Peer 1: 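One structure is given below, represented as structure tokens, and several questions about it will come after.
All values below were derived from every heavy atom in this structure, side-chain atoms included, with hydrogens, water molecules and symmetry-related copies excluded. This is a predicted model, so every value here is computed, not measured.
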Amino acid sequence: MRSLDTITESIRLGHAHPTTLLNTFIELENEGGLVAVRRMERQLQLGVRAMRERGHPHSDLAQKWLNSARAYLITRAERRQAS
């Protein structure tokens, strides 16, 4: 799964461009639908918790990925309701 590789590499390096975040979730949805995005959100939630417990230096970036996943899902739901 290319999206997971993008996220983990970004967290490992400690930075991500906002466009990278958006494009990653678009690619993820294209690969597996919103179910895949929800699954990634859950993985990020668990990962952020574990990173914070261990004091990982890039846990804030992982939180940004999680927040972005949630924002993406909310935006998609709002667009679906507006249709």
Peer 1: Quick one: do R76 and E29 satisfy salt bridge (Lys or Arg N to Asp or Glu O under 4.0 Å)? Show the steps, please.
Peer 2: CA-CA 10 Å; R76 295 295 289 148; E29 182 181 6; 2.9 Å; yes

Peer 1: Indicate if L46 and I7 have the same hydrophobic cluster label, given that clusters are the connected sets of ILVMFWY residues with side-chain heavy-atom separations under 4.5 angstrom.
Peer 2: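 Hydrophobic grouping puts L46 apart from I7.
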
Peer 1: List the residues meeting salt bridge (charged side-chain N to carboxylate O under 4.0 Å, His left out) with R12, not counting sequence neighbours, and say none if there are none.
Peer 2: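 Partners of R12 by the salt bridge (charged side-chain N to carboxylate O under 4.0 Å, His left out) criterion, ordered by chain and then number, come out as E9.
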
Peer 1: For L44 and A62, work out which heavy atoms get closest and say how close.
Peer 2: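 Looks like CD2-O, 4.5 Å.
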
Peer 1: Quick one: list whatever passes salt bridge (charged side-chain N to carboxylate O under 4.0 Å, His left out) with R49, sequence neighbours left out.
Peer 2: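 Listed in chain order: nothing, the list is empty.
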
Peer 1: What pair of heavy atoms forms the shortest contact from L61 to G14, and how long is it?
Peer 2: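 Minimum heavy-atom separation between L61 and G14: CD2-C, 3.4 Å.
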
Peer 1: When hydrophobic residues are tied together by side-chain contacts of less than 4.5 Å, even through go-betweens, does L4 share a cluster with I11?
Peer 2: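 Linked, L4 and I11 end up in one cluster.
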
Peer 1: Looking at A71, is its backbone amide N or carbonyl O close enough to the side chain of T75 to form a donor-acceptor pair, meaning the two atoms are under 3.5 Å apart?
Peer 2: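 Yes.
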
Peer 1: Is there a side-chain contact between M40 and T24 in this structure, where contact means two heavy atoms from C-beta onward sitting under 4.5 Å apart?
Peer 2: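 M40 does not reach T24 side chain to side chain.
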
Peer 1: Which heavy atom of H56 sits nearest to which heavy atom of H58, and what is that distance?
Peer 2: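 Closest heavy-atom pair between H56 and H58: ND1-N, 2.9 Å.
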
Peer 1: Roughly how far, to the nearest 0.5 Å, is the CG atom of L28 from the CD atom of E41?
Peer 2: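 Here the rounded value is 11.5 Å.
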
Peer 1: Please report the closest heavy-atom contact between L21 and K64, naming both atoms and the distance.
Peer 2: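 Smallest interatomic distance, heavy atoms only, reads CD2-O, 4.0 Å.
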
Peer 1: After noting the C-alpha distance and the side-chain angles of N30 and E27, does the key distance pass the side-chain contact (heavy atoms from CB on, under 4.5 Å) rule?
Peer 2: CA-CA 5 Å; N30 287 341; E27 288 175 15; 5.5 Å; no

Peer 1: For the residue pair N67 and Q63, confirm or rule out a side-chain donor-acceptor distance under 3.5 Å.
Peer 2: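 Looking only at side-chain atoms, Q63 and N67 do form a donor-acceptor pair, the distance falling under 3.5 Å.
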
Peer 1: Quick check, are the ring centers of Y72 and W65 under 6.0 angstrom apart?
Peer 2: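 Not close enough - the centres of the two rings lie 6.0 Å or further apart.
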
